[in-house]
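What follows is one structure encoded as C-alpha cells, with my remarks underneath.
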Amino acid sequence: MVDQVTGGSVFSAQAKTRRSLESFFSWLAASGPKTAVAANAPRTLKRTGLTILLSPVLLLAGWFALSHSGLFPTEVVVPPEEVAATFWDMVRSGDLQRNLSSSLGRLAIGYGIGAGIGLLLGSFMGLSRNAEAYLHPTFQLIRQLPTIALIPGFIMVLGIGETVKIVLVAKATALPVALAAFEGVKGIPRVYLDVADIYKIRPLTRFFRVILPATVPPVLSGMRIALSRSWMVLVGTELLIADSGIGQMMEWGRQVFRIDLVLVGVVITGVIGFTLDKSFRLLERRLVRWRYR
Amino acid sequence: MLTLSRFRGFVLPIALIMLWSALSHRDAAHSFIFVPLENVVASAREMFLNGELSRNWTASLIRTSSGFAIGSGIGIAVGSIMAISRFADRLINPLYQAVRQVPLMGFIPLISLWFGNGESSKLFIVSLAAFYPMVLNTYEGLINTEKKYLSVASVFKLGRWRTLRYVTLPSALPSIFTGLMQATAFAWLSSVGSEFFFNPGPGLGNMMLNAQAAFRMDAVLLSVIAIGVTGFGMNFLVQRASRVFLRWRSTR
C-alpha cells in the first residue's frame, strides 16, 4: 500500500519531468524556425520591414489622394499635410502642451489613487479569508457597474469640476487592479508556500522571495489594462465635461467643425495610449526579468 | 456558527443600505443625493408600468445586438484572414494595432462629424467595440494551435481546409469564445455610453441623462442598476453558451 503510494508519486514525478522535458523540446522546436530566420536575417528582416510599412504608407497615400481628388470638400476629408500643419500650430502656440498636461495630470492623480486603493483592497481580500468573505461579494457586485454608466450619477453628486474626473479615473483603475491583486495572491501555487514552510524561511523572506515575485506578473498586467481603460474613461469624460484637456480640445473641434483639430486629437490620444501601454510592458519585462531567463 | 458565517457577504451591503437610508432621511440636502430607497422602488414601478424602462432598455439592447453581430462577424472574418494568410497578416496587423491604440471615445468627435449624430453613428461605435476583441482573439486562437496537432494533421494528409475544420478551428474555439465574451461586454458598455455623445434617442443612457438633467437621482440609480443587471445577464448567457459549445473539451 505504502509502496504503491510512493511508487505512484515517483511515477508522477517522472511523468512531470517528462512533461517538462517535452514542453522544453516543443519550445525548442518552436524556436527552431526563428533561428533559421535569424540565419538569413538581412533578407527576411528587410522583407518583413517593408510589408509592415506597406499598409500605413498605402493608407497615407490613399488619404492624400482622396483629399485632393475633389470628391469631398477638404474641410471634410482634410489633407494629411493640413493636419500636420494644425499640429505644428498647436505646438507653437502651446495649446497642445497645455491640454496634454491637464489630461495627463488628471490621469496620473486618478490612476495613482485608484491603483493604491486597488492594490490594498485586492491583497487584503487575497490574504485574509475573513476579508474575502465580507468584501468579495460586494466587490463583485460593484464590478458589474461600468464606469461609463456612472458618469451622470457622479456628475450629479460631484458637479463638473476636477474632482469628478479624478474620481472616475480612480474608479476605473481601482476595480481591475483590485481584481488582479486578489487573483494574483489567490493564485500563488500551494506548492510554493509548502516549500517555503518546509524550509522554515522567515515570514519577511517568505513575503519578499515567494509571495511578492509570484504575484507581481499578474498584478502588473492588471495595472496595465487598468491604465488603458482609465485613459479611455478620461477622454470620454473630457468630451462631456471639461474646460481643458485632449478630450475637450476634440469636442471643441467637433462643435466648430474643425476636422483637422479632431484628427490631431485622434492621433494624439492614440499615441498616448500606445506609449502608456508600451512603457508598462517594458516595465513588466524589467521587473519580472527572472521569468524570461 | 458555520451557517452564520455563510452570510458574512451580506453584512457589508446591508450596512451600506442602512447607512444610505439613514443619510437619506436626515434632511432635504442629503435626500437629494442619498435618495430614499423607497423612491427608487417607486420610480422603478412607475417606469416599468408606463413602459419607459422597457422601451429604453429594448432600444439599447437592439443596438447592442446588431452592433455585436456586425462587429464580431467582421472581426472573426478579419482575424481568420490574418491567421490564414501571412500576406494579409503583414498588411492588416500593423494597421489594426495602430488604430486600436486610439481609445474608443476618441473616435466619437470624428465619427459625429463624418457620419452625423444619429443612430448609425452609435451603431458604428458599438460595432467597433465588438470588432477589436474579436479580431485579436480569433487571430491568436488560430495562430496558437499546438504544433503536435498540426503534425498529426499533416501525417494524416488532411489538407488545408480539413485541417482548418477539424484541427485549427476546434483548438481556437476557446479563445474565440473569450473574444465573444469581451465583445458582448464592450458592445453593451459602448451602446449605453454612445448615447451620451450623440443625438438623444431612446435608450438607457439617454434615460439616465434626462434623469440627471431633471435632478432625479432615483431614476439615475435605476438606470445604473438596469445597466449593471443586463450586463451581468449577458455575460452569464455567453458563459453558459461557451460551456455548452466547449463541452467536448477534456478539462484538465
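Chain A is the first sequence line, chain B the second, and so forth, proteins listed ahead of strands; every chain is numbered from 1. Because only heavy atoms are used, hydrogens play no part in the values below, and waters and symmetry mates are left out as well, while side chains stay in.
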Looking only at heavy atoms, what is the nearest atom pair of B:Leu113 and A:Gly253, with distance? CD1-O, 4.2 Å
Most contacts with chain B, counted as non-hydrogen pairs under 4.5 angstrom, among A:Gly153, A:Gly273, A:Gly236: A:Gly236
Under 4.5 Å from any heavy atom of chain A - which part of B:Asn117: side chain
Most contact-rich option vs chain B, by heavy-atom pairs under 4.5 angstrom, among A:Met250, A:Arg229, A:Arg143, A:Met156, is A:Met156
Please report the shortest heavy-atom distance between B:Gly106 and A:Val266, naming the atom on each side. O-CG2, 3.5 Å
Test side chain to side chain contact (heavy atoms under 4.5 Å, CB included) applied to A:Asn130 and B:Arg8, step by step: CA-CA 8 Å; A:Asn130 261 321; B:Arg8 283 178 296 181; 2.7 Å; yes
Gap between atom CG of B:Leu12 and atom CD1 of A:Ile142 - 0.5 Å precision: 7.5 Å
With side chains defined as the heavy atoms from C-beta onward, is the minimum distance between A:Tyr134 and B:Val11 less than 4.5 Å? yes
With a 4.5 Å cut-off on side-chain heavy atoms, are A:Gln144 and B:Val229 touching? no
Considering all heavy atoms of both residues, which atom of B:Gly228 and which atom of A:Leu145 are nearest to each other, and what is their separation? CA-CD2, 4.0 Å
Testing the basics here: between B:Ser112 and A:Arg254, what is the closest heavy-atom pair and its distance to 0.1 Å? OG-NE, 2.8 Å
Among A:Val233, A:Val77, A:Val262, A:Leu263, single out the residue with the greatest number of heavy-atom pairs under 4.5 Å to chain B. A:Val262
Tell me whether the count of non-hydrogen atoms from other residues, nucleotides or ligands lying under 6.0 Å of NZ in A:Lys278 goes above 12. no
Measuring only between side-chain heavy atoms, which start at C-beta, is A:Ile155 closer than 4.5 Å to B:Gln212? yes
So which of B:Leu189, B:Ile225, B:Asn235 has the largest heavy-atom pair count under 4.5 angstrom toward chain A? B:Leu189
Filtered by a 4.5 Å non-hydrogen cutoff, the part of residues 199-207 of chain B contacting chain A is none
Taking atom CH2 of A:Trp252 as the centre, does the number of heavy atoms from other residues, nucleotides or ligands within less than 6.0 Å exceed 12? no
Please round to the nearest 0.5 Å and tell me the distance separating atom CD1 of A:Ile272 and atom CD of B:Gln101. 12.0 Å
Keeping B:Trp114 on the side-chain end and A:Val76 on the backbone end, is there a donor-acceptor pair under 3.5 Å? yes
Turns out that what part of B:Ile227 lies under 4.5 Å from chain A's heavy atoms comes down to side chain
CZ (A:Phe280) with more than 12 external heavy atoms under 6.0 Å: yes
Check whether A:Ile259 gets within reach of chain B through its side chain, its backbone, both or neither, counting any heavy atom under 4.5 Å. both
Flag yes if more than 12 heavy atoms outside B:Leu16 fall under 6.0 Å of its CG atom; otherwise flag no. yes
Closest-packed option against chain B by number of heavy-atom pairs under 4.5 Å, given A:Pro56, A:Gly265, A:Ser228, A:Ala149: A:Ala149
Less than 4.5 Å apart, any side-chain heavy atom of B:Phe10 and any of A:Pro137? no
How long is the gap from CD1 on A:Ile148 to OG on B:Ser191, to the nearest 0.5 Å? 12.5 Å
Tell me, out of B:Phe232, B:Phe215, B:Phe197, who's got the most heavy-atom pairs with chain A below 4.5 Å. B:Phe197
Closest non-hydrogen atom pair, B:Met105 against A:Leu239: O-CD1, 3.3 Å
Can you tell me how far OG of A:Ser55 sits from CG of B:Leu91, rounded to the nearest 0.5 angstrom? 5.0 Å
So which of B:Leu104, B:Val99, B:Ile108, B:Leu110 has the biggest tally of heavy-atom pairs under 4.5 Å with chain A? B:Leu110
Where on B:Val220 is there a heavy atom nearer than 4.5 Å to chain A: the side chain, the backbone, both, or neither? side chain
